[in-house]
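In what follows, a single structure is set out as structure tokens and then discussed.
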2 protein chains.
Amino acid sequence: MMITKFSTTTLADKVEEQIIEYIKKNSLVPGDSLPNEMQFVEMYGISRNVVREALSRLRMLGLIQTRTKRGIIITEPSLLNGFRKIIDPHLLSTKTIKEMMGMRIVLEIGVAEFLFANINDSDILELEQIVSRQQAIGINNLSIEDEMVFHAKIYKIAGNNFISQFNEIMHPVFVFARHNYESYFKPVSEELNKLGEIVTHNNLLEKIKKRDKYGYQNAIRGHLKPYWEFIYNYPKIKIE
Amino acid sequence: MMITKFSTTTLADKVEEQIIEYIKKNSLVPGDSLPNEMQFVEMYGISRNVVREALSRLRMLGLIQTRTKRGIIITEPSLLNGFRKIIDPHLLSTKTIKEMMGMRIVLEIGVAEFLFANINDSDILELEQIVSRQQAIGINNLSIEDEMVFHAKIYKIAGNNFISQFNEIMHPVFVFARHNYESYFKPVSEELNKLGEIVTHNNLLEKIKKRDKYGYQNAIRGHLKPYWEFIYNYPKIKIE
DNA sequence: TTATTCTATTTGTAGGACAAATGTAACAAA
DNA sequence: TTTGTTACATTTGTCCTACAAATAGAATAA
């Protein structure tokens with residue numbers, strides 16, 4: 001098998017780069033307008049198709065908006081648009097999925113900083129409602145969507161919209177992973193259960209009520225233990 | 001001023017969506033090939049230009065590769081390609097920049113989990129070298145690039161490539177912020193200095209050597225205090 | 001001054017043409 | 001038969017022209 005020649009840069013690739021460069025060079029900010037298509041055609045000596053391909057990409061990323069007659073306007077890009085589009089777990093390697101899980105653990109632990117800085121009594125009330133609803137369902141019947149409600153609320157309290165979005169976008173990866181690698185996750189969960197090491201949302205909530213940040217971070221670590229195991233040990237099955 | 005009608009979905013938008021849908025519906029994975037351009041033209045009853053615009057976007061995201069005669073092949077997308085392209089700090093609102101800073105704090109705190117799980121003696125040796133080189137330069141002469149070398153190494157030890165990349169991509173935002181909001185950061189730093197609360201890389205390294213995770217997380221919090229201040233207090237200047 | 005109409009401009013879409021690359025088949029040579 | 005070469009057909013990459021749809025701004029009317 002030949003080594004893949006990956007040097008297939010098209011004109012659209014170059015023009016895309018040039019236009020981004022143009023924005024930076026001229027210190028354009030959201031609200032400013034760009035040259036129109038034909039001007040780019042003349043500037044770079046290429047066909048309108050190519051310009052349109054490049055602009056189409058920037059449009060998708062939310063970097064520009066286009067309107068007839070008005071031309072092209074720069075907008076504040078929605079940072080995670082591209083990310084959202086391509087996160088199809090089926091397309092990700094196990095390595096990448098492990099990295100997503102690592103990201104999840106890091107975010108959950110780190111976000112506790114902001115969680116405990118911001119939380120107030122009414123937040124705790126809402127968390128209690130979520131938890132009691134979930135206890136009614138029963139821990140074993142909890143779907144991953146139910147599971148996520150609690151964590152989404154945590155992120156919301158932490159007050160960082162970007163991180164909330166990020167977590168929401170990664171969510172399908174975890175759903176997929178726990179389904180696709182069920183033969184791994186199931187015995188791990190059972191083992192943890194046997195050892196009495198399952199950490200529930202209620203356990204997390206207890207720490208939150210006590211405003212015990214370190215306790216919470218510890219508990220989160222336990223709560224996400226199956227991911228940790230997966231990252232370090234898959235495909236071997238082993239619990240320390 | 002009129003309310004912006006944002007419903008300008010073009011055919012390219014729709015076709016892009018359709019093709020992503022096509023991939024999911026048919027459970028295609030990296031290595032599989034897609035219908036060629038003309039087949040999409042017929043499938044959706046549109047012009048080749050539109051198909052090419054849509055494919056051009058997917059190509060940019062790293063979701064597909066195209067080669068003459070061979071057609072279109074699905075590849076594992078590089079998750080952060082789109083993100084990397086649009087992170088131009090000039091285009092970001094202060095709100096978004098604050099969110100990036102929050103992300104930075106969360107990552108640095110959270111990544112300590114993996115840092116302390118993975119670190120070995122040779123890593124510590126390398127960290128010592130980095131720190132002593134930086135001490136030679138002097139803390140006040142440290143450029144933000146120098147500053148970043150230490151943290152990049154931390155992420156590398158933690159062993160999550162995605163997070164490393166993520167941090168690297170966000171880096172210019174911090175460079176920009178500290179430059180653009182210098183009138184805020186400078187007095188904050190001076191105030192911290194007066195209070196003797198500056199946390200250096202050397203301080204961090206001490207905690208690492210003692211394998212003191214909680215101490216490290218605490219120290220990181222201090223190290224990133226200016227960002228924390230910015231998030232909560234900008235444009236007001238205030239240190240608790 | 002205000003409301004309406006008209007016009008010119010700009011993006012969105014379609015379709016044709018050809019160049020460049022290359023997988024595949026046909027053929028030739030060992 | 002196997003291997004190497006050549007020719008062909010297919011597919012992407014680029015360019016071009018044309019027209020529809022939308023609309024900012026000018027011209028006009030009330």
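Convention: sequence-line order gives letters A, B, ...; per-chain numbering from 1.
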### Task
Let me know the distance between CD1 of A:Ile72 and C1' of C:dG12, rounded to the nearest Å.
13 Å
#### Entry: Any A:Arg52 side-chain nitrogen or oxygen under 4.0 Å from OP1 or OP2 of C:dG12
yes
### Query
Within this structure, what is the CD-to-P distance between B:Glu42 and D:dT11, rounded to whole angstrom?
11 Å
### Task
Provide, to the nearest angstrom, the distance between the CD atom belonging to B:Gln65 and the P atom belonging to C:dA21.
17 Å
### Query
C:dG12 P sits how many Å from A:Leu55 CG, rounded?
9 Å
### Query
When the ring centroid of B:His223 is compared with that of B:His151, is the distance short of 6.0 Å?
yes
### Query
Any idea which of D:dG13, C:dA14, D:dT14 is nearest the B:Thr66 side chain?
D:dG13
### Message
Between P on C:dT11 and CG on A:Leu34, what's the gap in Å once rounded to a whole number?
### Response
10 Å
#### Entry: Options C:dA14, D:dG13, C:dT11, nucleotide nearest the side-chain atoms of B:Glu37
D:dG13
### Message
In whole Å, I'd like the distance from the CE atom of B:Met38 to the P atom of D:dA9.
### Response
19 Å
### Residue pair B:Thr10 / B:Asp13, side-chain donor-acceptor N/O under 3.5 Å
yes
### Query
Is the base of D:dG13 touched by the side chain of B:Arg48 through a donor-acceptor pair closer than 3.5 angstrom?
yes
### Message
Taking B:Ile157's backbone N and O only, do any of them form a donor-acceptor pair with B:Asn118's side chain (distance below 3.5 Å, no angle check)?
### Response
yes
#### Entry: Whole angstrom value for the distance that separates P of D:dC15 from OH of A:Tyr44
14 Å
### Message
Which nucleotide wins on minimum distance to the side chain of A:Lys69, given the candidates C:dT11, D:dA22, D:dC15?
### Response
D:dA22
### Task
Just compare C:dA14, C:dG12, D:dG13 and give me whichever is closest to any side-chain atom of B:Ile46.
C:dA14
#### Entry: Rounded distance (Å) that lies between atom P of C:dT11 and atom CZ of A:Phe40
10 Å
### Query
Does B:Ala12 or A:Arg70 map to a spot on DNA chain C nearer the 5' end, using the closest nucleotide for each?
A:Arg70
### Message
Between A:Arg57 (side chain only) and B:Ser56 (backbone N and O only), is there a donor and an acceptor less than 3.5 Å apart?
### Response
yes
### Message
Does a side-chain N or O of B:Thr68 approach OP1 or OP2 of D:dT11 to a distance below 4.0 Å, or not?
### Response
no
### Message
Need one value for A:Asn49: base, sugar-phosphate or nothing, where a base atom within 4.0 Å counts as base even if backbone is also close, heavy atoms only.
### Response
base
## Note on the structure
Of the listed D:dT23, D:dG13, C:dT22, the closest approach to the B:Arg67 side chain comes from C:dT22
### Task
Check whether any side-chain nitrogen or oxygen of B:Arg59 sits under 4.0 Å from OP1 or OP2 of D:dG13, and answer yes or no.
yes
### Task
Check the pair B:Ile105, B:Tyr227 against side-chain contact (heavy atoms from CB on, under 4.5 Å), reporting the backbone distance first and the verdict last.
CA-CA 8 Å; B:Ile105 291 171; B:Tyr227 291 156; 4.2 Å; yes
### Summary
Against the side chain of A:Leu11, the closest entry in C:dA14, D:dC15, C:dT11 is D:dC15
